[in-house]
Amino acid sequence: MAGTIHEGPEFGIGDFVLLHDVTLEAFMDNLKLRYEKNRLYTYIGEVVVSVNPYKPVDIYNKNYVDEYKGREIYERPPHIFALADSAYTTMKRKSRDTCIVISGESGSGKTEASKIIMRYIAAVTNVGGQKEVERVKDVLIKSNVILEAVWKCQNKQE
């Protein structure tokens, strides 16, 4: 697997910034092509657009962790690991907190994306750091239920 995570033109455009026509139709056609080719992630610059596959996929294993660990964001095809590694590397280099904003409709996979990112961070940190990552992941998952309930209540009041 090492060194084999690549994309050719048959997978569409991996970064929407490179689209020739910036239209909704071109955007959706590219996203559809990538989805049909099991490419769930597409960049818009340094933003990662993800599509929920609604099926199990094997793109989060140790081989993928190894392929994205320590790489620049554009060295490999679009993937949530590239974003996670970029944030983690920036945090380590600058010794400052960093954040990743995950946005989407209810049921779109925000909690799952958060868990994937946290698992990646745990996989690339030392053993002591992994315990803290697991603690943060647990808080995140528990708080997500509360945040979702608050969001639903606010929308009912409008």
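Computed from a predicted structure; not experimentally measured. Along the sequence shown, residues are numbered consecutively beginning with 1.
At least one donor-acceptor pair under 3.5 Å links the side chain of N30 to the backbone N or O of I13. No side-chain donor-acceptor contact under 3.5 Å links Y60 to the backbone of F81. The backbone N or O of G104 lies less than 3.5 Å from a partner atom in the side chain of K110, making a donor-acceptor pair. For the pair T89 (side chain) and S86 (backbone), a donor-acceptor distance under 3.5 Å is absent. In this structure, the side chain of E75 engages the main chain of E72 through a donor-acceptor pair within 3.5 Å. D21 contributes no side-chain N or O that, together with a main-chain N or O of T23, makes up a donor-acceptor pair within less than 3.5 Å.
Taking each heavy atom of P77 and Y68 in turn, the nearest pair found is O-OH, 2.7 Å. Taking each heavy atom of S114 and I102 in turn, the nearest pair found is OG-CD1, 3.3 Å. Minimum heavy-atom separation, P78 to G14: CG-O, 3.1 Å. The nearest pair of heavy atoms linking V17 to G45 is CG2-N, 3.4 Å. Taking every heavy atom of both residues into account, L40 and P53 meet most closely at CD1-CG, 3.6 Å. The two residues N61 and N63 come nearest to each other via the heavy atoms OD1-N, 2.9 Å.
The aromatic ring centroids of F16 and F27 lie less than 6.0 Å from each other.
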Show your reasoning for whether side-chain contact (heavy atoms from CB on, under 4.5 Å) applies to V49 and Y43. CA-CA 6 Å; V49 175; Y43 295 132; over 6 Å; no
Walk me through whether E7 and R34 qualify under salt bridge (Lys or Arg N to Asp or Glu O under 4.0 Å). CA-CA 10 Å; E7 285 188 346; R34 292 184 60 71; 3.0 Å; yes
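Taking the ring centre of F11 as origin, the terminal cationic atom of R39 falls inside the region bounded by 6.0 Å and 45° from the ring axis.
Using a 4.0 Å cut-off between charged nitrogen and carboxylate oxygen, E25 and K32 do not count as a salt-bridge pair.
A ring pair (Phe, Tyr, Trp, His ring centres under 6.0 Å) with H79 holds for exactly one of Y74, Y120, Y64; it is Y64.
Using modelled atom types and a 3.5 Å distance limit, the side chains of N38 and K55 yield a donor-acceptor pair.
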